[in-house]
Protein chains: 2
Amino acid sequence: MPEATVARLPLYLRALTTLAERGVATVSSEELAASAGVNSAKLRKDLSYLGSYGTRGVGYEVDFLRHQITREIGLTQDWAVVIVGIGNLGHALANYGGFASRGFRIAALVDADPTRLGEEVAGLNVRHADELEQIVDDLGIAIGVVATPARAAQLVCDRLVAAGVTSILNFAPAIVQVPEGVDLRKVDLSTELQILAYHEQRKNGAALALTAEQAAELAEAVNG
Amino acid sequence: MPEATVARLPLYLRALTTLAERGVATVSSEELAASAGVNSAKLRKDLSYLGSYGTRGVGYEVDFLRHQITREIGLTQDWAVVIVGIGNLGHALANYGGFASRGFRIAALVDADPTRLGEEVAGLNVRHADELEQIVDDLGIAIGVVATPARAAQLVCDRLVAAGVTSILNFAPAIVQVPEGVDLRKVDLSTELQILAYHEQRKNGAALALTAEQAAELAEAVNG
DNA sequence: GCAACTTTGTGCACACGTTCACAAGCGTCT
DNA sequence: AGACGCTTGTGAACGTGTGCACAAAGTTGC
Ligand SMILES: NC(=O)c1ccc[n+]([C@@H]2O[C@H](COP(=O)([O-])OP(=O)(O)OC[C@H]3O[C@@H](n4cnc5c(N)ncnc54)[C@H](O)[C@@H]3O)[C@@H](O)[C@H]2O)c1
Ligand SMILES: NC(=O)c1ccc[n+]([C@@H]2O[C@H](COP(=O)([O-])OP(=O)(O)OC[C@H]3O[C@@H](n4cnc5c(N)ncnc54)[C@H](O)[C@@H]3O)[C@@H](O)[C@H]2O)c1
């Protein structure tokens, strides 16, 4: 299954959930594509990787398709997650309800700062980073979330990997190396803003160019 | 300039900043690529879109290249940002120091909840969503960050656009439509976790398959 | 049972992005 | 000055992803 397709399945799943909540039983690729904000041909091709779950002339059965995608992504089981670094961002993540509802259970919170230990966040006690291996082992944790400062990110990832975690989501703005077999994804908010700024600047540049052109036209109109 | 290249420039910028802090004056594409975690050919092609800023046989001058990328992205000016939705995530974002240091200034915080109004977060008073147009106008805000619940995201984006914002970063798990000319990027943590889960499941599946194969071999060895 | 209509699943062409491989260019050393 | 070694910048091949367009397959109505 193409990586691009995998990245869109959660999108379809969310759209299907919304439709299910609205009591919709059947949906066409056109409608579902609109709900998910993609092209309908792309949607159909994506779904075709799961199998032929549609009915020609009708569309897709919402609940059935939802279940198929859920199974494909692996959300029939729930996944235990550890968050490392319980600062600003770690707190927000720990308190966020949107994970549990999608099959991810925050199972442990870990920080290196002794003053944070024992603090209760979202019903969990913050535990020390030294216990990481123990925690991962005991709770069967497969996914780690890194919300420490950038300088600690590589060390924390190394420890997570050593403890047996094979999937990591990194929020720290740092390049982290992980061994083969470990999946690392990163979320970088500053990068997102910078991409927006680049396009914003070009928009303004275009606007200025237009103004210059208009000025030239104006000058021509006046002088000519 | 290809979109994929634009998305990597911030990465290079960060790597260059780290090198500059370490006092490195010159860097080869190979070294810089390693620092940024990409292929060196890709790095060179990316940089070639900016111009021929390297010296053959030597490499790139760190400070000079840093300045060129900064200018290309549009980080020579600083950008005023408004955050809409000052809940869990909004607080974390408002308190995050990493934006200011990259040329983004959190200029205003907005929420719809009357009980939050006037609350001081990160040195700013939370203002009411009704003032949005005024705020955007007065402070020259071009970039909006949406951290409201999903159901409010479309409305908030509409209002941001109406107020004149042309770049939006959306954290709410919702499909949002914006008119042409407005850039919308989204950050979806649940999607990221789901992608990790998909690969995690396949790893386990592969492990199980291996075990089954090993079991078959074992059975053969015992029986044969 | 058949014709008309709807919608899926997919072959194909095209666009985009990545990587290889190497000529061109720069600095250094003799 | 000229040979040598190193690194950039880029043409070309390759791979991945997208979107059109349509045959295949189902449903509905008569
Ligand atoms: N706050 C945000 O909105 C935001 C936005 C974008 C990126 N980030 C990034 O996310 C990361 C966390 O941001 P934050 O604002 O929460 O920072 P923070 O300083 O508030 O929290 C970091 C936490 O990590 C802990 N920590 C440090 N070293 C550790 C280690 N080795 N092991 C375990 N815990 C350790 C610290 O004790 C602290 O509690 C940073 O890398 C930041 O750049 C944050
Ligand atoms: N907290 C997290 O770590 C996290 C992680 C991933 C995604 N998200 C998403 O980010 C968004 C915010 O999450 P949160 O945990 O901060 O939620 P929250 O409920 O804590 O905060 C939402 C805030 O938005 C405000 N709001 C609601 N409607 C508004 C409107 N129309 N205009 C202005 N403000 C309005 C609310 O008053 C509240 O203060 C949600 O969509 C959530 O799904 C959050």
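In what follows, chains are A, B, ... by sequence order, proteins preceding strands, each numbered from 1.
Side-chain contact between B:V146 and B:L160 is present, with at least one heavy-atom pair separated by less than 4.5 Å. Proximity of B:D78 to B:F104: side-chain heavy atoms (C-beta onward) are nowhere separated by under 4.5 Å.
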Checklist outcome for this item: Counting primed atoms, P, OP1 and OP2 as sugar-phosphate and everything else as base, the B/S/- map of nucleotides 9-18 of chain D against protein heavy atoms under 4.0 Å is BBBB----SS
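B:L43 places its CG atom 12 Å from the C1' atom of D:dT7, with the value rounded to the nearest Å. As rounded to whole Å, 15 Å separates atom C1' of C:dG9 from atom CG of A:L32.
With rounding to the nearest 0.5 Å, the separation of CD1 in B:I141 from OG1 in B:T166 is 12.0 Å.
Checking each of A:N39, A:D46, A:L43 against A:S29 for a side chain to side chain contact (heavy atoms under 4.5 Å, CB included) leaves exactly one that passes, namely A:L43.
Using a 3.5 Å distance cut-off with no hydrogens or angles, the side chains of B:H67 and B:E72 do not pair a donor with an acceptor.
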